[in-house]
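All remarks here apply to the structure that follows.
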Amino acid sequence: MVMTMDVHVRDLRYFVTVAEELHFTRAAERLYVSQPALSKQVRALERQLGVELFRRDPQGVALTEAGLALLPDARRVLDAWADGAAALEAARAAARGTLVVGMSTSPGRGGLLPAIRSRFTAAHPDTVLRLRQVSWEDPTAGLAGGDADVAFVWLPLPDAGRYAWTVVAEEPRLVALPESHPLAARTEIDFTDLADEPFLALPTSAGPLRDYWLALEERGGRPPRIGAEIASTEETYEALVAGLGVCLVATGNVPLLTLGGVVTRPVRGVSPSRYALAWRKEDAGRPLVRAYAEACREVRGPTTLMT
């Protein structure tokens with residue numbers, strides 16, 4: 001019989017820890033998992049391998065012959081994996097001459113991005129700047145998953161305590177609507193007149209940012225009507241033209257939506273939007289992150305800084 005050997009490193013770590021403790025509760029405490037979850041995972045490993053690794057009886061837990069046979073090799077695999085992880089971290093450190101800049105919407109705004117790049121590369125000519133476009137489904141534009149080192153984001157951020165940021169633009173929120181919409185005839189619109197309109201909404205994964213662009217705070221507890229969900233500028237424009245709803249938009253993003261058939265109007269009664277450069281707090285000491293944030297502040301002048 002050929003054994004399936006597609007075993008996860010986690011499963012080997014669980015096995016080795018139980019083998020060292022010979023006690024599931026103590027092993028679970030070491031691993032920061034619940035005892036039932038640990039027992040279930042070890043049982044799954046035993047089923048996968050087709051052998052029992054531990055004897056469980058009222059006197060306690062003991063390794064079976066199969067468990068004793070596996071233990072030294074499992075330790076070697078874990079040691080090798082630890083060495084590999086250390087080598088990977090060293091490779092990451094060596095690659096920190098590349099700075100990845102995440103964004104879900106191009107900063108635009110009077111040539112902001114080229115100006116920051118120019119200042120940054122003048123001070124760090126050997127650093128490679130890489131731009132990473134991220135869907136609106138990730139409101140952190142790659143920061144949360146580690147795919148970006150710094151990112152242009154809209155506030156508020158989910159799990160905001162993880163991040164620091166500097167605001168690069170504070171802009172009024174306008175409403176975008178089909179040019180055929182009855183409210184399009186007005187030069188300015190009260191938000192109370194929009195409250196019952198179907199709104200285009202960001203994906204639910206956007207968390208507090210979805211709520212912000214639906215203006216939940218200004219609705220006084222009245223739930224919004226959702227006309228459609230949108231995850232990109234293109235989807236937003238198509239939904240507007242199709243008459244699926246209206247949406248709030250930052251002034252700097254108006255040119256992305258007013259491509260024909262869509263108009264924007266000022267809105268009374270909503271707070272301005274804040275566009276920021278953000279980074280993980282744990283990376284605040286990285287020289288390239290600090291340098292990019294400083295270049296951003298120099299380009300934009302005095303702005304709000306959150307640390």
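Owing to the predicted nature of the structure, the values given are computational and were not obtained by experimental measurement.
The backbone N or O of Arg26 sits less than 3.5 Å from a side-chain atom of His23, completing a donor-acceptor pair. Listed for the Tyr163 side chain is no donor-acceptor partner under 3.5 Å among the backbone atoms of Thr140. Counting only distance, with no hydrogens or angles, the side chain of Arg280 and the backbone of Leu143 share a donor-acceptor pair below 3.5 Å.
Not a single salt bridge (Lys or Arg N to Asp or Glu O under 4.0 Å) links Glu197 to another residue, sequence neighbours left out.
For the pair Arg30 and Tyr14, the cation-pi test (distance below 6.0 Å, angle within 45°) is failed.
A salt bridge does not link Arg119 with Glu294: every distance from a Lys NZ or Arg NE/NH1/NH2 to an Asp or Glu carboxylate oxygen is 4.0 Å or more. In summary, Glu171 and Arg274 do not engage in a salt bridge, as defined by a charged side-chain N under 4.0 Å from a carboxylate O. Look at Arg225 and Asp196 and you find no salt bridge, because none of the NZ, NE, NH1 or NH2 atoms lies under 4.0 Å from a carboxylate O. Ion pairing of Arg76 with Asp73 is present here, as a side-chain N (NZ or NE/NH1/NH2) and a carboxylate O approach within less than 4.0 Å. The pair Arg265-Glu188 does not count as a salt bridge, with every side-chain nitrogen at least 4.0 angstrom from each carboxylate oxygen. In summary, Glu20 and Arg75 engage in a salt bridge, as defined by a charged side-chain N under 4.0 Å from a carboxylate O.
Using a 4.5 Å heavy-atom cutoff, the side chains of Leu31 and Arg13 are in contact. Using a 4.5 Å cut-off on side-chain heavy atoms (C-beta onward), Leu177 and Leu183 make contact. A 4.5 Å side-chain heavy-atom check between Arg132 and Val134 finds at least one atom pair inside the cut-off. With contacts defined as side-chain heavy-atom distances shorter than 4.5 Å, the pair Thr258/Val263 does not qualify. Counting only heavy atoms from C-beta outward, the side chains of Glu235 and Glu229 never approach each other to under 4.5 Å. Between Glu52 and Arg43 the shortest side-chain heavy-atom distance falls below 4.5 Å. Looking at heavy atoms from C-beta onward, Leu129 lies in side-chain contact with Thr121 at the 4.5 angstrom threshold. Side chains of Ser205 and Trp136 form no contact here, defined as non-hydrogen atoms less than 4.5 Å apart.
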- request: Show your reasoning for whether side chain to side chain contact (heavy atoms under 4.5 Å, CB included) applies to Gln41 and Arg10.
  value: CA-CA 9 Å; Gln41 204 65 41; Arg10 177 197 61 189; 2.9 Å; yes

- prompt: Step by step, would you call Leu200 with Val246 a side chain to side chain contact (heavy atoms under 4.5 Å, CB included)?
  reply: CA-CA 6 Å; Leu200 306 182; Val246 304; over 6 Å; no

message: Set out, in order, the CA-CA distance, both residues' side-chain angles and the distance that settles side chain to side chain contact (heavy atoms under 4.5 Å, CB included) for Arg56 and Phe24, then state yes or no.
response: CA-CA 10 Å; Arg56 305 158 177 86; Phe24 274 87; 3.9 Å; yes

- prompt: Taking it one step at a time, do Leu131 and Arg117 satisfy side chain to side chain contact (heavy atoms under 4.5 Å, CB included)?
  reply: CA-CA 11 Å; Leu131 301 182; Arg117 175 188 286 273; 4.2 Å; yes

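No side-chain N or O of Thr17 forms a donor-acceptor pair with one of Glu21 less than 3.5 Å apart. Arg173 and Ser271 share a donor-acceptor pair across their side chains, judged by distance under 3.5 Å alone. In summary, the side chains of Thr192 and Asp190 do not present any donor paired with an acceptor at a separation below 3.5 Å, with no hydrogens or angles considered.
Here Tyr292 contributes atom OH and Ile116 contributes atom CD1; the two are 4.5 Å apart, rounded to the nearest 0.5 Å. From Leu288, atom CG reaches atom OG1 of Thr98 across 9.0 Å, with rounding to the nearest 0.5 Å. In this structure, CG in Leu155 is found 8.5 Å from CG in Leu209, a value given to the nearest 0.5 Å. A distance of 10.5 Å separates CG of Leu216 from CZ of Phe199, quoted to the nearest 0.5 Å. For the atom pair CG of Leu53 and CD of Glu46, the computed distance is 4.5 Å after rounding to the nearest 0.5 Å. In this structure, Leu70 CG and Leu63 CG are separated by 9.0 Å, a value rounded to the nearest 0.5 Å.
When the shell of 6.0 Å around CD of Glu65 is examined, it contains 12 or fewer heavy atoms from other residues, nucleotides or ligands. Taking a 6.0 Å sphere around CD of Gln133, one finds it holds more than 12 heavy atoms contributed by other residues, nucleotides or ligands. Heavy-atom neighbours of Arg290 CZ from other residues, nucleotides or ligands within 6.0 Å: at or below the threshold of 12. Other residues, nucleotides and ligands contribute only 12 or fewer heavy atoms inside 6.0 Å of the CZ atom of Arg130.
When every heavy atom of Thr166 is checked against every heavy atom of Arg297, the shortest pair comes out as OG1-CG, 3.6 Å. The minimum heavy-atom distance linking Val153 with Ala141 is given by the pair CG1-CB, 4.1 Å. When all heavy atoms of Leu214 and Phe191 are compared, the pair lying nearest together is O-CZ, 4.3 Å. Contact record, Ala176 with Leu240: O-CD2, 3.4 Å, taken as the closest heavy-atom pair. Nearest approach of Pro266 to Thr187, heavy atoms of both residues: CD-O, 3.2 Å. Across all their heavy atoms, Ala250 and Trp154 have their closest contact at CB-CH2, 3.2 Å.
When the side chains of ILVMFWY residues are joined at heavy-atom separations under 4.5 Å, either directly or via intervening members, Val150 and Val100 end up in two distinct hydrophobic clusters. Grouping the Ile, Leu, Val, Met, Phe, Trp and Tyr side chains by contacts below 4.5 angstrom, directly or via other members, places Met103 apart from Val128. In the hydrophobic clustering of ILVMFWY residues, with side-chain heavy atoms under 4.5 Å counting as a link, Leu256 and Ile230 come out apart.
Under the 30°/60° scheme for interplanar angles, the aromatic rings of Phe54 and Phe15 are found to be tilted. Aromatic ring pairs are classed by plane angle as parallel below 30°, tilted from 30° to 60° and perpendicular above 60°; the pair Tyr275 and Phe152 is parallel.
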